[in-house]
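Worksheet for the structure shown next.
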Amino acid sequence: MNPAFPRRTFFRGATLGTGSVLLAPFLQRLEAAPGTPAPKRIVFVVEGNGFSPAQAQPKSIPRAKHPYGHTNVDTTEDLPLAGQELSEATAPLAPFQDRLTVVQGLSGRICGGGHSNNFGALGAYSGKAGVAGETIDLALARALPAIFPQIGLGISDRPEHTVIYNLSAIGADQPAPTRCRPDLAYDEFFGSAAEGAARDKFAQRGNLLDFMADDVRRVTTRLNGEEREKLGHYLNAYESLRTRQGQLNELSASLRARGPAVTKQFGSSVEADRLTAMFDIGAASLICGLTNVLTLASGCGDPYFSVRWTGLGVPLDKHSIGHGKGLDDKTAEQLTTLIRRFHMEQIAKLATKLQSVPEGKGTMLDNTCIVYLSDSAESHHSRCFDWPMLVLGDLGGRLKTRGRFLCFPKYAAKGHRTTANFFLTLLEAAGAPRKSFGVADPGLKDLDTRGPIPELLA
Amino acid sequence: MKAFVLFASLAFAANLSAASSESEAASARRFVADFCVRCHGQDKQKGDVRLDDLTGDIIAEGTRWAAALDLVRDGKMPPPESKPQPTAAQRGAFAAWGVRQFGAHAQRKPNLGNLVPHDLLFGPAAGAGTNVAASAPRLWRISSEAYAGWVEDVAKRTTGLVPPFSASPERGIKDFAALGRVDEPTTEILLRNAEAIVEKQTAFELADGKPRGKFDAVREFVELLRPDAAPTRDMLEKAVQKQFSLALARRAEAEEVARLLALYDRCATGGNHVLALRTTLTAVLLRADAIFRAELGGPDGLLTPRETAAALSAALAHRRDARLFEAADKGQLTTRAQLAEHVRRILDDPKIAKPRVLGFFREYFEYGQAPEVFKDRPKDLMHEPKQHVADTDQLILHLLAQDKDVFRQLLTTPQAFVNVRSKQNKQTRLDEFVPAITKSAQNNKGQAIIETLYGLSEWTAQQPITQPAGARIGVLMQPSWLIAWSENFNNDIVRRGRFIRERLLGGTVPDLPIGVAAMIPDDRDRTLRDRVGSATKDERCWKCHQHMDQLGLPFENFDHYSRLITAETVLDRAVTAANVDKKGKPMGDVFTTAPLNTTGAIAGTGDPQLDGPVKSPHELVTRIANSDRARQVWIRHAFRYYMGRNETLADAPTLQAADRAYLDSGGSFKALLVSLLTSDSFLKRGFLAGP
């Protein structure tokens with residue numbers, strides 16, 4: 001295995017807060033020539049086990065709810081967030097309250113609910129249909145190309161998982177990976193910054209990748225139909241790796257010229273460490289321009305959702321907490337709040353890093369939009385009448401999300417909106433408008449639920 | 001049904017549905033017009049279903065066609081009291097059209113095999129005048145276990161590799177040839193692993209300027225590792241051939257050698273020939289034929305001898321069987337008799353590891369999931385799911401060793417292994433059973449030992465034990481199975497029922513519909529039977545739950561830790577409410593008992609051997625064990641595991657022959673395996689033209 005190494009030290013170095021050397025070469029790249037369109041980037045932070053409307057609702061805004069608990073307003077509530085007190089669970093985002101929008105009242109009934117809506121959460125289709133189509137992160141990635149169209153990072157309930165397929169999909173039957181090992185994810189994205197013998201190996205890698213692409217291609221030409229397609233994925237992998245290697249190679253030259261030697265380390269088996277590391281890697285990959293679409297999946301998908309947050313002092317798994325089990329000194333609700341606050345702190349840290357990189361006339365954060373939601377809609381055993389979202393950042397002014405509270409009319413009432421409408425809004429803001437996304441909810445067939453949400457678009 | 005929606009969105013669906021002509025689609029539409037539209041048309045839409053606008057476009061209309069085909073096939077629609085009724089022939093044709101439309105896809109995905117009607121596979125008319133059984137030519141990506149086995153074959157005792165393939169999210173029998181993609185992150189891992197393996201194969205140190213291999217370095221490689229002298233062409237060729245032999249069990253052809261040497265040359269331009277050699281050896285380990293096992297077949301439409309050797313090795317184990325490959329190379333692996341002899345040889349040799357024999361039962365019964373079910377540790381019992389799994393493994397291996405009446409034994413044997421592990425006796429040098437888990441007075445105060453689950457008060461050396469009548473019988477009453485099919489706080493009545501419906505009765509259960517919150521009420525003053533019943537009795541729920549609940553309910557004589565109970569324990573609300581101290585503070589829950597109810601029923605199979613009420617789980621499993629249909633459904637699942645695909649109508653002859661081989665041999669699983677692994681379905685390769 002790899003030699004032990006204070007990964008924490010390295011990762012701290014790799015992040016913005018300490019004025020890291022990694023930034024310097026990119027600052028130059030990011031000073032856009034006048035007239036070039038500003039970059040856009042989107043981050044999805046998805047946490048398993050539900051995000052209740054109660055935990056999303058600012059304390060100072062009363063919430064009208066139906067006897068069954070779901071949102072119950074007849075007309076859209078649209079209030080400024082300035083001066084409101086955020087809920088305890090979302091309070092760590094207070095420093096960014098002026099860029100934050102709390103969105104309540106969206107439904108996603110097409111997903112079906114349960115412990116997780118799996119690929120349906122970001123795909124706006126049934127959570128039990130498997131990988132039935134593209135998810136919003138990969139759809140946006142088509143509109144926001146970069147070296148890596150999208151990067152999926154996260155954690156599952158098991159430290160030994162390397163890569164899982166749980167949340168994101170490129171298309172039907174084509175899941176996109178959520179990498180669960182920070183050390184391996186680091187190697188994949190930053191391995192080109194190595195030095196010495198490791199650097200030689202990186203160079204030889206290029207020869208090997210060329211050879212393999214050729215080798216696999218020869219076999220592919222002798223096959224037909226589906227078998228050819230199957231091997232085609234393997235071939236694409238080599239071709240992609242080769243292209244990326246070239247691109248990473250360009251970047252690594254300036255990294256090496258100005259940066260310290262870096263080495264790699266084991267992943268910690270503590271989930272909070274792993275997620276922190278993934279947020280660090282994610283931030284660095286945005287800042288280094290490796291991708292414009294980042295998906296951070298924290299215990300998403302069935303059966304990966306039952307994470308035990310020992311690193312936060314919570315010895316119970318999420319499944320039990322979701323069923324109301326608490327500790328002697330904390331109720332289930334308090335435990336959920338504690339865990340959610342950790343995620344909010346990570347988001348705040350990510351936003352801070354983006355904010356300290358100048359870009360155009362402002363900062364990277366100005367051109368970013370971070371969306372927080374759960375793949376399990378509003379609760380551990382969701383029914384998807386509610387699907388609270390937090391939106392931080394306005395994507396270069398294309399979204400109207402600077403400090404607002406929005407609550408849409410209740411399910412099936414006039415003006416009601418779904419998660420699919422929200423995703424269409426993001427697509428529109430990213431410059432890739434579509435008429436529809438995912439599968440329409442048959443329960444709303446008497447409503448016009450087409451198109452993006454005009455209230456959210458600039 | 002989810003499967004059909006999935007199929008519908010597969011880009012290449014169009015190709016494979018070409019098998020059905022326009023006139024067949026018209027027949028299907030006519031069926032719908034004649035028998036369905038009256039209640040599901042423009043004027044009336046019973047159950048909110050409308051069918052008059054169907055065009056036969058499976059892609060766009062997949063969900064509705066799937067539902068209609070399911071219901072017609074099972075005889076549920078049109079409702080028996082409505083007229084006119086389709087004839088059996090009309091129903092069969094409609095169902096067969098559906099199978100053809102969806103069949104090519106259903107074949108490829110786990111958990112969809114039951115869509116092919118049982119009677120069409122085992123009935124007297126099955127197989128008559130149909131095409132010959134064959135699998136499509138295919139590449140089968142090696143499984144995680146096979147990859148680990150291959151690594152052992154290539155470089156023994158290599159540690160520190162990362163498992164490259166993600167766990168399949170499918171349930172049950174899941175290693176299907178059609179699945180198993182290798183994408184970029186997986187390739188990245190394969191790459192790193194290959195580099196690590198080659199590092200190990202070429203680990204060396206210098207002694208007097210000469211390279212000396214370290215640990216398990218490969219001798220043929222070490223010779224080339226002199227830092228000061230570049231290897232000769234001849235030496236390089238030998239190294240390449242050696243790597244081919246380790247990785248692929250064959251010689252490289254001249255063209256393959258030439259290309260690899262060209263790679264070496266490109267890499268060696270910088271002067272680092274050790275690195276160049278390592279890169280070249282790495283390339284061999286990443287070849288497509290190392291990661292994907294080919295089953296393309298030769299010009300005669302059969303697997304080639306080498307493909308056969310690889311396929312038979314992979315069917316039973318994760319390591320190559322050297323003698324199969326030798327036989328292939330010598331031209332002695334061509335007749336069915338030769339194949340059968342090898343299969344028997346492997347099955348009979350205790351020194352050959354055969355994890356894929358037990359592996360079938362693990363995937364079929366899923367009892368290995370027991371440790372995955374999160375439960376509180378009970379205060380009065382040692383909850384040891386891993387040991388229960390090990391004990392069930394032993395039981396199954398024992399039944400396989402006896403190899404008589406295996407199916408019936410699996411379901412009804414009163415034997416069990418209790419808390420055993422195997423250890424070599426130092427004196428006799430023979431393996432014997434010793435207790436696996438011993439109770440620690442410190443850690444396990446007050447907790448009953450796992451032997452108590454079987455009515456024993458202490459461990460016994462007489463293993464397996466035979467339980468008294470009325471106690472546990474068969475795998476379905478093994479603690480491992482009961483726990484695997486339970487939830488955190490309860491038994492899982494519905495999923496147990498679905499297991500029996502699918503894996504023993506050959507039925508299908510539609511997936512959870514959109515918008516349904518499948519939740520059992522938590523009222524602790526009611527039995528689980530009562531709570532599940534109230535959640536599923538609504539007409540809309542019962543439509544599907546009628547296929548499941550009644551099959552899972554008989555097992556309520558076991559609690560969710562798999563303890564045998566004689567009465568249910570429920571909260572006594574009134575007494576609990578009254579249980580307060582002088583200040584009115586509640587002093588805790590008070591429980592009372594409710595009578596045990598283990599009744600249930602088998603219904604809807606249409607098989608008089610099976611349908612009917614049951615009073616206990618014993619009656620349920622015994623009736624199933626004695627049923628031909630259930631045995632045949634079990635065989636269908638064995639087919640899926642060993643063929644890596646679902647059966648189609650064309651495989652009827654293979655399945656019937658396997659059933660006969662099993663019966664004629666007195667219920668031998670070995671005979672069943674030999675039959676399957678020497679069948680046309682296993683060995684023939686051709687494109688299916690449909691039933």
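So that the names make sense, note that chain A is the first sequence line, chain B the second, and so on, each numbered from 1.
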Exercise for the section: Run the salt-bridge test on A:R179 and B:E188 with the 4.0 Å N-O cut-off and return the result as yes or no. Expected result: no
Problem - Contact winner vs chain A - B:T282, B:L296, B:L191, heavy-atom pairs under 4.5 Å - result: B:L191
Problem - Portion of B:E255 that has a non-hydrogen atom of chain A nearer than 4.5 angstrom - result: side chain
Problem - Flag side-chain contact, heavy atom, 4.5 Å: A:Q204 against B:E195 - result: no
Problem - A:R158, part contacting chain B, at a heavy-atom distance under 4.5 Å - result: side chain
Practice task
With a 4.5 angstrom heavy-atom cut-off, could you sort out which part of B:R287 is near chain A: side chain, backbone, both or neither?
Solution key: both
Problem - Interface residue of largest heavy-atom contact number with chain A, from B:L190, B:V182, B:L139, under 4.5 Å - result: B:L139
Completion exercise
d(A:D214 CG, B:R259 CZ) to nearest 0.5 Å is 5.5 Å
Handout entry: Salt bridge B:D376-A:K325, side-chain N to carboxylate O under 4.0 Å
Key = yes
Completion exercise
d(A:L208 CG, B:R278 CZ) to nearest 0.5 Å is 14.0 Å
Handout entry: Nearest-0.5 Å distance that lies between atom CG in B:N488 and atom NE2 in A:H319
Key = 3.5 Å
Problem - Student check: side-chain heavy atoms of B:T187 and A:L241 closer than 4.5 Å - result: yes
Practice task
Give a yes or no on whether a salt bridge exists between A:E229 and B:R181, defined as a side-chain N under 4.0 angstrom from a carboxylate O.
Solution key: no
Problem - A:R217 atom CZ, neighbour heavy-atom count above 12 within 6.0 Å - result: yes
Completion exercise
So, the part of A:L235 with a heavy atom under 4.5 Å from chain B: the answer is neither
Practice task
For atom CZ of A:R218, decide whether the heavy atoms of other residues, nucleotides or ligands shown that lie under 6.0 angstrom number more than 12.
Solution key: yes
Handout entry: Atom group of A:S320 that falls short of 4.5 Å from chain B, counting heavy atoms
Key = side chain
Exercise for the section: Check whether A:R308 gets within reach of chain B through its side chain, its backbone, both or neither, counting any heavy atom under 4.5 Å. Expected result: side chain
Exercise for the section: Decide yes or no for B:L286 and A:V216: does some side-chain heavy atom of the first lie under 4.5 Å from some side-chain heavy atom of the second? Expected result: no
Problem - Heavy-atom contact with chain B under 4.5 Å, split by part of A:D215 - result: both
Exercise for the section: Considering only heavy atoms and a distance below 4.5 Å, find which of A:T220, A:L231, A:L223, A:I164 pairs most often with chain B. Expected result: A:L231
Practice task
Could you tell me the separation between the CZ atom of B:F292 and the CD atom of A:E227, rounded to the nearest 0.5 Å?
Solution key: 9.5 Å
Exercise for the section: State the CZ-CD distance between A:R244 and B:E184, to the nearest 0.5 angstrom. Expected result: 4.0 Å
Practice task
Apply the test side chain to side chain contact (heavy atoms under 4.5 Å, CB included) to residues A:N207 and B:L263: give CA-CA distance (whole Å), side-chain angles for both, the deciding distance (0.1 Å), then the verdict.
Solution key: CA-CA 7 Å; A:N207 288 334; B:L263 171 64; 4.2 Å; yes
Problem - Heavy-atom side-chain contact between A:F211 and B:T279 under 4.5 Å - result: no
Exercise for the section: Go through the steps for B:D183 and A:Y165 under the test side-chain hydrogen bond (donor to acceptor under 3.5 Å, both in side chains), then give the verdict. Expected result: CA-CA 12 Å; B:D183 60 9; A:Y165 296 89; 2.4 Å; yes
Completion exercise
Separation between NE2 (A:H233) and OG1 (B:T186), nearest 0.5 Å, reads 11.5 Å
Practice task
Mark yes when over 12 heavy atoms from residues, nucleotides or ligands other than B:N490 sit less than 6.0 Å from its CG; otherwise mark no.
Solution key: yes
Handout entry: Under 4.5 Å from any heavy atom of chain A - which part of B:R141
Key = neither
